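As the structure is a computational prediction, the values presented were derived from the model and not from experiment.
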Protein chains: 2
Amino acid sequence: MKSSQVTIKDIAKALNISASTVSRALKDHPDISPDTKKAVMDLADELNYQPNSIAQSLRKRHTNTIGVVIPEIEHFFFSAVISGIEDVAYKAGYNIIITQSNESSEREKQNLQTLFNTRVDGVIASVARDNVNYNHYQNLVDKGIALAFFDRVADEVDTHKVVVDDEFGAHEATVHLITEGYKRIAHLAGPANLTISLNRMNGYKRALNEYGIPIKDEHICICGEGTFEEAETITTQLLNSTSPPDALFANNDMAAYGAMKAIKKKGLSIPEDVAIVGFSNWRFASLIEPALSSVAQPGFEMGQEATRLLIAEINNQSDTPLPSENRILKTNLLVRESSKK
Amino acid sequence: MKSSQVTIKDIAKALNISASTVSRALKDHPDISPDTKKAVMDLADELNYQPNSIAQSLRKRHTNTIGVVIPEIEHFFFSAVISGIEDVAYKAGYNIIITQSNESSEREKQNLQTLFNTRVDGVIASVARDNVNYNHYQNLVDKGIALAFFDRVADEVDTHKVVVDDEFGAHEATVHLITEGYKRIAHLAGPANLTISLNRMNGYKRALNEYGIPIKDEHICICGEGTFEEAETITTQLLNSTSPPDALFANNDMAAYGAMKAIKKKGLSIPEDVAIVGFSNWRFASLIEPALSSVAQPGFEMGQEATRLLIAEINNQSDTPLPSENRILKTNLLVRESSKK
DNA sequence: ATGTTTTATGCAAACGTTTGCGGTTTCGGT
DNA sequence: ACCGAAACCGCAAACGTTTGCATAAAACAT
């Protein structure tokens, strides 16, 4: 970058006034006379003056920037969240800088570091899968920068959180299967160290309990990787077992998809022989055949809400943080062909 | 943010030396004695000193930040690109700040504006659909900031570009249909003002020409919106016309999906009665039934390559820009069930 | 001893803004 | 004429770094 970018000083010099006057004129400060105001305004956009945000940030001690750290960008749910973040951030005049952890807590740590270095006003995060402690997040709030978690939260750090009511969604999905008449409902669970997996499993269990259906351990299978191949082989085993299920509630849609493949390969039909409900309502859920029932998570809204919370905290002038909000967004069960008898 | 963040001055004061010495010590400058070096290093990480990137940026006149403007984050292809960008940017020590235009050139303009204001070192962009001119991009390079386009490029601005070989991909897809034995191949085209749409159409036409198949105007239908509903109704019309096609090449997978719906509704089977090939290889393409053949675009790689080009330009010290690179990435035809007889 | 180089450090300006405070000038009121 | 208050503007410091230059002390060479 060679080209000289025009500064306040240039305008000042050209008009033979001081930089302070230019600065004030530019922001319509009452101390400045209409004449000089007009003069600098005119010159400013003749020269196409653009304020240097870096200098402003340094001086004003805030950057109007919020940092985002997520496990992986390339994932529909997260990109929906980002979009929601961008939406309210943009309207509030904030920039967002994105980092991804690739599910590594080490990388996450570094990201937090550089975000701090660039002095973001706040960060919005969803934690990596392999975290064992959350000191790096705690450090951040200790240094006085605002923090909001979404979806995958760190329970132990006291800050704003917005999650979806996984337990509720799982419960609703399971109840739906029960009331459709299915009796032997299995669960393809997610990795056990993630709160969301547990919550979904709990919702599943609660529903069974409420309807007096015994919970069978062999009907709860953990799909740790999250690939559909994994779910497919697990489902195949399940179908070949001594107590094959007549319905499946999956921890996510990819697992559900794998299960569907297994079911079809075995020559069974969906939903007549085996029904299935997924979780997250990925883009493809409505497109496959039969269309997959799924519990929709409001990703976009989550991003919005997290950002609103964060910005409120950023705007909080007092030196005690706002009381931590814990927003729980409702899921939305979308019943499609895969689960109605 | 109340908490005082430790600065170089704090360290200087504590050690009774000057800020300049601290600064130099921190970066292992040879002028500084080992003793004082050790002293400041020790104190620095005892106090957990973190350099203020804002101040550094202001002083060094670059931010180590690259701006990204894309039509919409919430789209598999773009999120793949972002991921690629993040990948090489991270390794090169750059932050990325993301903006989305939502396909509005007005918003795009604003985004460019704020990116310039935050003095990003360069921007990577894919243009919005409704652009009529690209002055805002030209202004950017005139101001001396590096620019690289990907996928949807502005031909008239002379800068680095990385695109996929749409013409090639479309040609390959069409040839594939021809060699499978299909004779009456229609094309669901994209909006005419986008170069990529034209290139794909041209590839389609070239293939027909090469095989001596006449090009029929009524077999080229523009799907401007990009929704599958649109493609569905258009395909229905096509199938009911006097010269119904026996194969379709669609400008993108969503259109292809709509076409598939139309075909099925009419009671025809895929690929026996009508074959279909899409473009972009969206996530769902392999999951629907029949699995949709599609021309895969290397999104991640595009992001990587664009970023490499951009960083090279940023590092270019001379005041004449590097010669504009024009990288053309090959597509990859994925033949699935929807198109093999 | 003197002169010369080396080593280690500090001064101060600069990056582009913002802002408290003080200083002129102008003007209306008496 | 004089006073007080507006009205308008500039000085300078500050935000946290970096860096050219000067300088002081120490080491070395004569």
Distances for protein N/O vs nucleotides 6-9 of chain D N/O pairs under 3.5 angstrom?
{"residue": "D/dC9", "atom": "OP2", "partner": "A/S33", "partner atom": "N", "Å": "2.8"}
{"residue": "D/dC9", "atom": "OP2", "partner": "A/S33", "partner atom": "OG", "Å": "3.2"}
{"residue": "D/dC9", "atom": "OP2", "partner": "A/T36", "partner atom": "OG1", "Å": "2.9"}
{"residue": "D/dC9", "atom": "N4", "partner": "A/D31", "partner atom": "OD2", "Å": "2.9"}

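Below 30°, between 30° and 60°, or above 60°: for B/Y137 and B/F149 the angle between ring planes is above 60°, a perpendicular geometry.
At the heavy-atom level, B/T7 lies under 4.0 Å from the strands shown only through sugar-phosphate atoms. Backbone-only contact: B/N16 has heavy atoms under 4.0 Å from sugar-phosphate atoms and none from a base. Among the heavy atoms of the strands lying under 4.0 Å from B/K27 are primed sugar atoms or P, OP1, OP2 only; no base atom is included.
Considering CD1 of B/I85 and CG of B/L310, their distance stands at 9.0 Å, rounded to 0.5 Å.
By the salt bridge (charged side-chain N to carboxylate O under 4.0 Å, His left out) test, A/K91 pairs with A/D87, sequence neighbours left out. The ring pair (Phe, Tyr, Trp, His ring centres under 6.0 Å) check on A/H75 picks up A/F78, A/W282, with sequence neighbours excluded. Residues forming a side chain to side chain contact (heavy atoms under 4.5 Å, CB included) with B/N16 (at least two apart in sequence, or on another chain): none. Residues satisfying the salt bridge (charged side-chain N to carboxylate O under 4.0 Å, His left out) test with B/E86, not counting sequence neighbours, are A/R107. The salt bridge (charged side-chain N to carboxylate O under 4.0 Å, His left out) check on A/D10 picks up nothing, with sequence neighbours excluded.
The stretch residues 41-48 of chain B does not touch DNA chain D, since none of its heavy atoms comes less than 4.0 Å from the strand.
Nearest-nucleotide positions on DNA chain D for A/A55 and A/V22 put A/V22 closer to the 5' end. Toward the 5′ end of DNA chain C lies the nearest nucleotide of B/A19, the other residue of the pair B/A19 and B/K60 mapping further downstream. Each of B/S20 and B/R59 has a nearest nucleotide on DNA chain C; the 5'-most of these lies closest to B/S20.
Taking the C1' atoms of five terminal pairs at each end of the helix from C/dA1-D/dT30 to C/dT30-D/dA1, the two resulting helix axes are inclined by 60°, rounded to 10°.
A nucleotide of DNA chain C counts as in contact with chain B when one of its atoms lies under 4.0 Å from a heavy atom; the first and last such, 5' to 3', are C/dA8 to C/dG16.
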Using a 3.5 Å cut-off and no angle test, enumerate the donor-acceptor pairs between side-chain atoms of residues 23-32 of chain B and protein atoms at least two apart in sequence or in another chain.
{"residue": "B/D28", "atom": "OD1", "partner": "B/K37", "partner atom": "NZ", "Å": "3.3"}
{"residue": "B/H29", "atom": "ND1", "partner": "B/D31", "partner atom": "N", "Å": "3.0"}

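Using modelled atom types and a 3.5 Å distance limit, the side chains of B/S83 and A/Q100 yield a donor-acceptor pair.
Residue pairs meeting the ring-ring contact (aromatic ring centres under 6.0 Å, His included) criterion with at least one member in residues 89-131 of chain A: none, sequence neighbours excluded. Sorted by first and then second residue, the side-chain hydrogen bond (donor to acceptor under 3.5 Å, both in side chains) pairs involving residues 146-156 of chain A (not counting sequence neighbours) are A/E103-A/R152.
Looking at heavy atoms from C-beta onward, A/I98 lies in side-chain contact with A/I73 at the 4.5 angstrom threshold.
The two residues B/S324 and B/D158 have their closest heavy-atom pair at OG-OD1, 2.9 Å.
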